Each structure stands twice: as structure tokens, then as C-alpha cells.
Amino acid sequence: MPDHDIFAALRARTIAALAELLPDLPPDAYARVQMEPPRDAAHGDMATNAAMVVAKAAKQAPPKLAAALAEKLAGLPEVAAAAPAGPGFVNLRLREGFLRAQLPVILAEGLRYGDGTAGAGRRVDVEYVSANPTGPMHVGHCRGAVVGDALANLLAKAGYAVTKEYYINDAGAQVQALGYAAYWRYLQALGTTMTEDHYAQLIPGGLQYGGDYLVPVGAALRAEFGESLAAPDATYRFGMLGPDHWLEQVRRFTVDRMMDAIREDLATLGVRHDVFVSEAALVEAGLLEAAEQRLRDKDLIYRGVLEPPKGKTPEDWEPREQTLFRATQFGDEVDRPLRKSDGSGTYFANDIANHLHKLDRGFAELVHVWGADHGGYVKRMQAAVAALSAGTVPLDVVLTQIVHVLKDGQPVRMSKRAGTYVALRDLIEEVGRDAVRFTMLFRKADAQMEFDLTKVVEQSRENPVFYVQYAHARCRSVLRQAGDLPPGDLALAPLDALVDPAELALIRRLTAWPRTVEAAAIAREPHRIAFFLHDLAGDFHVLWNRGREDSTLRFIREDEPLSTRARLALVAATATVLRSGLAVMGVEPVEEMR
RNA sequence: GUCCUCGUAGCUCAGCCGGAUAGAGCACCAGAUUCCUAAUCUGGGGGCCGUGGGUUCGAAUCCCGCCGAGGACACCA
């Protein structure tokens with residue numbers, strides 16, 4: 001399939017040519033050979049470092065080898081000219097006919113153009129969002145959700161078999177606190193006269209989740225269980241029954257409700273996971289013990305006491321014996337506790353169980369999207385996966401930085417209740433799903449980002465969301481005017497009329513799509529897709545603007561049916577690649593701007 | 001104190017896992033344009049790539065030290 005990637009195709013041609021020149025070279029000498037667009041377009045369409053890379057093994061001077069290689073490559077049917085340059089590059093200029101011939105390829109493959117084989121069908125699990133099910137989603141979760149979703153789409157396009165996974169942290173103390181908070185709303189729903197302060201004193205850790213969003217859960221609990229979970233009370237009408245009688249049920253009930261809400265929030269973002277894995281279910285299934293045993297069998301577990309962290313010792317530090325995992329054998333700084341001094345499992349232990357669960361399902365690669373505040377957690381998790389998989393399964397972690405929400409350049413205040421962030425739903429309602437998704441992806445994931453509510457809906461070329469959407473809308477507008485010929489028709493159009501530099505520049509850009517997908521997938525960097533689309537839109541807008549000044553460059557010319565058809569093919573191919581990229585980003589291409 | 005991420009034009013950011021004279025947008029300067037292919041266009045100035053070393057044919061990119069920003073640092077999740 002990926003001979004639609006003309007860079008890969010010419011790279012293969014180059015290696016073949018080089019092998020003829022240097023028959024004694026082992027095949028692995030060519031591993032570092034690259035074929036890529038040169039930085040300066042004046043150098044040609046493609047450049048290869050081949051001569052420099054193999055020079056040492058070939059015992060030849062790079063420029064000399066480059067000259068010989070250029071001579072061979074010049075004879076290829078795709079190549080108009082080949083010349084040695086600089087310290088040993090070979091620059092290629094492609095035949096325009098070969099470039100134009102990519103348009104029917106694009107039109108024939110449609111949205112599949114750019115699909116790659118880099119993933120080779122390997123099964124990869126992409127875990128993202130995984131917000132605690134203790135409340136609705138807020139903007140803090142949003143970036144990870146969008147980046148993870150786009151990354152999963154990207155990997156699928158690059159030929160991986162992708163599973164989108166959400167890990168539900170429903171086993172810890174926080175979820176217990178959620179249960180207590182929901183129970184409070186339940187008592188209120190029953191009509192207790194107890195004060196919130198009094199209730200808070202009755203429960204461990206106090207009332208932690210005071211948000212209104214649990215009020216409906218309290219009502220639902222009442223509808224489900226009636227008065228059966230409460231104690232009749234002379235003073236308050238309804239008092240608290242011993243937690244043993246209700247906490248587990250309430251916790252489970254509430255987590256289900258929260259997950260429903262989270263799923264809804266994700267759906268408005270256009271995010272749909274394939275699999276939801278419950279931490280509590282893993283623990284119940286005994287995976288924690290299984291994981292521990294697995295590590296114990298490899299002699300990676302011992303009882304021991306950790307050193308206090310150097311430099312900054314917590315005040316309440318005291319030596320404690322814990323069950324430890326030999327993370328240092330896998331590149332971590334210190335060994336990590338699996339069990340607390342009281343014998344109960346740590347969060348890390350549960351997370352190891354989570355990863356064992358992934359490995360047992362046969363994934364060849366694991367990917368996580370985490371907030372940057374979990375950066376310190378990466379090494380130990382990679383250590384655990386390396387230990388459990390005997391180093392056969394890589395775990396890649398993509399960290400996303402904080403998003404600062406602005407409006408008119410001013411920071412948006414967090415709502416009055418401390419710790420409650422802007423709800424994701426409000427954000428989408430204000431600016432729309434597409435603007436949210438595009439903007440989140442128009443920046444490297446690990447770079448801090450400002451999200452200005454005013455700017456992302458601005459209709460000007462300074463707004464990349466608008467800029468790219470507008471390019472697609474213009475394409476569609478032209479194609480509609482021309483009567484929406486099917487791509488199969490346009491693929492047959494003679495293309496010799498496409499000679500303008502701006503037209504050829506656009507074609508060149510289009511042909512870089514497959515390699516962009518592959519490179520972005522390998523680097524796990526979905527933002528590259530956004531930047532590519534921005535560049536592509538730019539090339540198209542340039543062409544459009546030329547048509548405004550010079551009517552002979554317009555796409556549709558009544559008097560020139562031949563060039564019109566050729567240009568329609570170009571426009572249709574452009575629209576196709578734009579759609580293809582937007583699909584990876586999860587952004588809807590618009591038919592027209594309103 | 002240790003670790004992680006980062007430091008690129010005045011500002012916001014790219015720079016394709018070592019390549020040629022480091023790019024884009026905004027802002028600034030100079031021109032063009034009132035056109036329905038609406039929601040501008042063309043050109044220009046502007047950078048010891050934080051800093052000091054190292055690796056090699058070649059470093060913004062890889063390695064080490066330092067400076068600076070943000071984050072994480074036993075038994076939380």
C-alpha cells in the first residue's frame with residue numbers, strides 16, 4: 001500500500017541504486033538513509049543523505065559517492081534531475097508529470113490516502129482521560145482527552161490495531177469519600193435536619209465533594225433504596241447508619257452515575273473509548289496478587305525500608321518496612337513500595353495490576369496520556385512493564401501540560417467553590433467542539449498552553465481553526481459549483497494544465513501527507529497533523545488568492561473545460577487530505593462558513 | 001537535595017528522533033486592494049537557538065556542567 005508515499009518509494013529506489021554501485025555493502029548499512037523534502041525548496045523536491053550515511057562503510061568520500069549516485073538516480077523515470085550538493089546530499093527534482101500523477105492516487109484512495117503500515121497491525125492500547133469518577137469533567141481533563149483520542153486515531157491510521165481505553169480509578173480513598181458525600185445528599189433527599197457540619201464530623205476525612213452535582217445522585221439513591229439505607233433518628237428524622245450497611249452500595253451506585261456523566265461529557269467532545277477497565281474489578285479478580293506473584297517469581301520483590309528522600313525529608317518521616325519492587329533494576333531512581341506498612345496495596349500496585357491486565361490481553365505496545373503532574377510516575381511504571389513483559393512491550397507516556405483558560409486575554413476565574421474548575425461542558429458550549437479539539441492539538445502536548453475563548457472563535461486567518469476549516473469550505477464551494485463530479489471522474493482528468501508554481505506547490509504538499517502521518521505516529525505527536533493541515537490550508541489559500549488577482553488562475557473557467565477539470569481534481573484531492581487530517585484530529589470538516 | 005518537562009525573532013510557537021543560508025503567525029515598516037472566490041493581498045527589517053564544554057565530516061537537535069521557568073518527589077490517588 002504505501003507506495004503512495006513517494007518519499008518511501010524514492011528512498012527504496014535510492015537504496016537499490018546504491019546497492020548496484022556498492023555490491024559489497026551489507027543491507028543494514030542503509031538503515032539511516034533518508035529521503036525528505038529539503039529545507040530550501042530551491043534545492044528540489046527531495047534530498048537524500050544516502051551518500052554521507054554509507055560513505056564510511058563504502059570507504060569513499062561523500063561528495064564523490066553523491067555524484068555517482070546522482071548520475072544513477074537521474075535515469076529514473078520519476079526524476080527530472082539529480083545533482084550532488086553540499087557535503088554529500090543528492091537533490092532530486094521530480095518530473096512534474098510524476099507529481100501530477102499523485103492526484104488520481106489520492107482521489108482513488110480517498111480518506112485512506114495516508115494510511116500507513118508503520119504499525120504493521122501491531123496491537124496497541126492507548127489509555128487516556130482516566131479521570132477519577134468523582135465528578136464531571138473539567139477543562140483540566142480536556143487536553144488529555146483530545147490528545148489521547150487524536151493520538152489513537154493517528155496510530156490507527158498508521159497501521160496499528162488500536163484499543164482506546166479508560167481506566168476507572170474506583171478503588172481508592174477518594175472514591176470512598178465520594179460515597180460519603182453522595183450519602184449526605186441522600187440523607188438530604190430524605191429530609192434530614194442534620195447540619196452539613198455535623199455530618200462532616202461523623203465521617204472520615206470530612207465532607208470532600210460538596211458540589212451540587214451529587215444532589216441528583218442523592219435523589220436517585222432515595223428512589224432506588226427508599227429509607228432503607230438510613231437510620232431513623234429522633235433528633236434529625238434521619239441519621240447515619242453504620243457505613244458497613246451502605247457504603248459499598250452507595251459507592252458503586254455513585255461511581256456508575258459519575259461514569260455516565262463522564263461518558264456524556266466525553267461524547268460531547270467526540271471521544272469514545274472502546275474499553276472501560278475498573279480498578280476495583282481488577283482488584284476483586286485478584287490481579288494485584290497475580291502481578292505481585294509474577295514479580296516475586298522473578299525475584300523482584302523484597303521487604304525493606306526506603307531511605308528518606310534526599311534533601312527534603314518530610315516532618316513525619318520514620319523508617320517503615322514495606323513490600324518493595326526492585327524498580328532500580330529497570331532504570332528507576334529508587335525501589336517502589338507495593339504494599340504500605342500496614343500491608344494494604346499501594347496505588348502503584350493496583351496500577352501494576354492494570355498493566356498486567358493489558359499485557360495479558362496481548363498488546364504489543366502500550367501508550368498512556370497523562371497530565372504533566374504525573375511525570376514523576378513514568379519511570380516506575382515503565383520499570384514495572386519492563387519487568388512484567390521481560391522488556392518486550394514498550395510503554396510510551398505522553399505528558400500534557402496545563403491549559404490556562406483566558407477570555408479577552410484575561411484569566412478566567414475558577415468558580416467560587418475552591419477547587420472546582422470550569423466544566424468541560426461549559427467550555428464546549430461556549431466555543432464548540434471543533435474549536436476545542438483543534439486548539440488543543442495546535443501545540444505540542446508537553447508545552448503549556450493558553451486557551452483564549454475569544455480568539456478560538458474569531459473568524460480571521462490568525463485563528464488556525466478557522467483558517468483550516470475555511471480552506472475546506474472553499475474547496476467544497478468550488479466543487480459544488482462545478483456540480484460535484486464524483487472523484488472517479490476527476491481521477492481521469494488530464495492534468496497537464498497544472499503548471500503554475502502555486503499549483504505544483506500544493507501538489508507537493510499533498511504528497512507529503514503519508515510521511516507526515518507516519519512520522520507523527522512514530523513520534524506520538526498528533527500536533528504535527530494540525531500543523532500540516534495549517535500549512536496545507538496556507539498553500540491552498542495562496543492559490544485561491546492568485547485567482548482573485550488573475551482570473552486565468554481561477555479553478556473554474558467556463559472557456560477552459562480542460563484546465564477546469566484538472567484544477568477540480570487538485571481541489572478535490574486537497575479537500576480529501578484536509579478531511580483525512582481533520583478526521584485524525586476528530587474535527588468535523590465544514591461545508592461552508594457561516 | 002533528586003528526578004521530569006522546558007528555554008528558538010519584541011510576543012505566541014514550529015523545526016520532520018544529527019544535515020545545506022534556523023521557519024510561520026502576530027506585532028512593526030513599506031506598498032496594493034473595495035474585489036462577492038466576503039471574512040484582505042504582496043514585499044521587507046528583525047535571531048551568539050539560555051550558557052560553557054564534549055561527541056563528528058556536520059549540533060537548535062545527541063552527552064555532561066551551570067543559569068533560569070514550571071512540575072513531581074516514602075506509606076496519596
Side-chain angles (χ1 to χ4, degrees), chain A residues 32 34 36-40 42-43 47 49 52-53 55-56 61-63 85-89 91 132 134 169 171-175 177 279 305-314 316-324 332-337 339-344 346-348 350-351 371-379 397 399 401-402 442-450 452 455 458-464 466-467 470 474 477-478 481 512 515-516 518-520 522-523 525 527-528 530-532 534-535 538 541-549 551 553-556 593:
Chain A
R32 287 172 50 223
Q34 294 177 342
E36 47 190 21
R39 186 156 303 188
D40 187 345
H43 291 143
N49 61 355
M52 289 179 285
V53 169
K56 197 172 269 182
F89 288 100
N91 292 331
N132 284 346
T134 50
N169 292 121
Q174 293 190 7
V175 174
E279 179 184 10
V305 179
L306 289 175
E307 299 283 312
K310 284 175 192 116
K312 185 188 139 194
T313 306
D316 59 342
W317 165 267
E318 59 183 63
R320 285 179 192 151
E321 197 185 53
Q322 301 166 344
T323 301
L324 299 171
D332 203 356
E333 275 82 41
V334 294
D335 291 338
R336 304 290 181 177
R339 290 182 181 280
K340 309 171 198 172
S341 44
D342 68 0
S344 61
T346 59
Y347 175 80
F348 179 50
N350 284 1
D351 222 358
D373 55 342
H374 286 64
Y377 203 69
V378 173
K379 277 190 184 177
V397 179
L399 298 178
Q401 267 290 357
I402 307 261
F442 199 64
R443 188 128 311 182
K444 262 187 310 193
D446 55 14
Q448 284 189 25
M449 176 166 83
E450 293 186 344
D452 195 315
K455 285 187 181 162
E458 209 167 73
Q459 303 214 339
S460 76
R461 62 165 300 168
E462 293 146 48
N463 177 4
F466 173 81
Y467 193 64
Y470 193 26
R474 278 178 160 174
S477 160
V478 169
Q481 268 185 52
R515 67 187 304 277
T516 301
E518 178 173 319
I522 289 171
E525 291 185 343
H527 77 275
R528 292 193 196 183
F531 279 95
F532 174 85
H534 193 250
D535 290 342
H541 286 311
V542 165
L543 198 52
W544 180 283
N545 289 326
R546 304 255 338 252
R548 294 171 67 182
E549 296 156 13
S551 64
L553 282 171
R554 292 196 171 199
F555 299 112
I556 299 174
M593 307 305 289

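Computed from a predicted structure; not experimentally measured. Letters A, B, ... are given to chains in the order of the sequence lines, protein chains preceding strands, and every chain is numbered from 1.
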Q: Would you sketch RNA chain B in dot-bracket for me? Only Watson-Crick or G-U wobble pairs with both distances under 3.5 Å count, crossing pairs as [ ], other-strand pairs as |, the rest as dots.
A: (((((((..((((.....[...)))).(((((.......))))).....(((((..]....))))))))))))....
Q.
Go nucleotide by nucleotide along RNA chain B from the 5' end; which of A:Glu279 and A:Ala520 gets its closest nucleotide reached first?
A. A:Ala520
Which heavy atom in [X] sits nearest to a heavy atom in [Y], and how many Å separate them?
| X | Y | result |
| --- | --- | --- |
| A:Arg339 | A:Gly343 | NH1-O, 3.0 Å |
| A:Pro87 | A:Met52 | O-CG, 3.7 Å |
| A:Glu458 | A:Phe466 | O-CB, 3.8 Å |
| A:Lys379 | A:Asp332 | CB-OD1, 3.7 Å |
| A:Leu399 | A:Gly371 | CD2-O, 3.8 Å |

So which nucleotide from [options] ends up closest to the side chain of [X]?
| X | options | answer |
| --- | --- | --- |
| A:Trp317 | B:G71, B:C41, B:A74 | B:A74 |
| A:Glu549 | B:A39, B:U42, B:C41 | B:C41 |
| A:Gln174 | B:A39, B:A74, B:A77 | B:A77 |
| A:Lys340 | B:A77, B:C41, B:A39 | B:A77 |
| A:Ala519 | B:A77, B:C16, B:C41 | B:C16 |
| A:Glu525 | B:G15, B:C57, B:A74 | B:G15 |
| A:Asn132 | B:A74, B:G25, B:A77 | B:A77 |
| A:Leu399 | B:C35, B:C4, B:A77 | B:C4 |
| A:Glu462 | B:C41, B:A77, B:G25 | B:G25 |

Integer angstrom distance from the [atom1] of [N] to that of [M]:
| N | M | atom1 | result |
| --- | --- | --- | --- |
| B:C49 | B:A24 | C1' | 16 Å |
| B:G68 | B:A27 | P | 35 Å |
| B:G47 | B:C13 | C1' | 15 Å |
| B:A9 | B:G46 | C1' | 6 Å |
| B:C4 | B:C64 | P | 9 Å |
| B:G45 | B:A22 | P | 14 Å |
| B:C41 | B:C57 | P | 47 Å |
| B:G44 | B:G70 | P | 39 Å |

Below 3.5 Å is the cut-off: list the nitrogen or oxygen pairs between protein and nucleotides 10-14 of chain B, distance only.
{"unit_1": "B:U12", "atom_1": "O2'", "unit_2": "A:Arg443", "atom_2": "NH1", "d": "3.3"}
{"unit_1": "B:U12", "atom_1": "O2'", "unit_2": "A:Arg443", "atom_2": "NH2", "d": "3.4"}
{"unit_1": "B:C13", "atom_1": "OP1", "unit_2": "A:Arg443", "atom_2": "NH1", "d": "2.7"}
{"unit_1": "B:C13", "atom_1": "OP1", "unit_2": "A:Gln448", "atom_2": "O", "d": "3.4"}
{"unit_1": "B:A14", "atom_1": "OP1", "unit_2": "A:Lys444", "atom_2": "N", "d": "3.0"}

Determine the contact category for [X]: base if any of its heavy atoms lies under 4.0 Å from a base atom, sugar-phosphate if only primed atoms, P, OP1 or OP2 are that close, otherwise nothing.
| X | answer |
| --- | --- |
| A:Arg528 | sugar-phosphate |
| A:Pro37 | base |
| A:Gln459 | base |

Measuring from [X]:[atom1] to [Y]:[atom2], what's the distance to the nearest 0.5 Å?
| X | Y | atom1 | atom2 | value |
| --- | --- | --- | --- | --- |
| A:Ser344 | A:Asn350 | OG | CG | 9.5 Å |
| A:Phe89 | A:His43 | CZ | NE2 | 9.0 Å |
| A:Lys444 | A:Glu525 | NZ | CD | 7.5 Å |
| A:Glu279 | A:Tyr347 | CD | OH | 6.0 Å |
| A:Phe348 | A:Leu324 | CZ | CG | 10.5 Å |
| A:His527 | A:His534 | NE2 | NE2 | 13.5 Å |

Q. Would you say the side chain of A:Arg474 lies within less than 4.5 Å of the side chain of A:His541, judging by non-hydrogen atoms?
A. yes
For [X] and [N], what is the distance between atoms [atom1] and [atom2] respectively, to the nearest whole Å?
| X | N | atom1 | atom2 | answer |
| --- | --- | --- | --- | --- |
| A:Asp351 | B:C76 | CG | P | 15 Å |
| A:Arg515 | B:G15 | CZ | P | 14 Å |
| A:Glu307 | B:C73 | CD | C1' | 15 Å |
| A:His541 | B:A24 | NE2 | P | 17 Å |
| A:Asn463 | B:A24 | CG | P | 20 Å |
| A:Tyr467 | B:A39 | OH | P | 12 Å |
| A:Arg474 | B:U40 | CZ | C1' | 9 Å |
| A:Arg461 | B:A38 | CZ | P | 15 Å |

[X] side chain near [N] phosphate (N/O to OP1/OP2, under 4.0 Å):
| X | N | value |
| --- | --- | --- |
| A:Lys379 | B:C3 | no |
| A:Tyr470 | B:A39 | yes |
| A:Arg546 | B:C41 | no |

Q. For A:Ile402, does the CD1 atom have more than 12 heavy-atom neighbours from other residues, nucleotides or ligands under 6.0 Å away?
A. no
Report, one pair per line, the protein and nucleotides 18-21 of chain B atoms (nitrogen or oxygen only) whose separation is under 3.5 Å.
{"unit_1": "B:A20", "atom_1": "N6", "unit_2": "A:Asn91", "atom_2": "OD1", "d": "2.5"}
{"unit_1": "B:A20", "atom_1": "N1", "unit_2": "A:Asn91", "atom_2": "OD1", "d": "3.1"}
{"unit_1": "B:A20", "atom_1": "N1", "unit_2": "A:Asn91", "atom_2": "ND2", "d": "3.0"}

Q: Please work out which of the three classes, parallel, tilted or perpendicular, describes the rings of A:Phe531 and A:Phe442, given edges at 30° and 60°.
A: parallel
**Q.** Ring-face cation contact, A:Phe532 with A:Arg528, 6.0 Å cut, 45° max
**A.** no
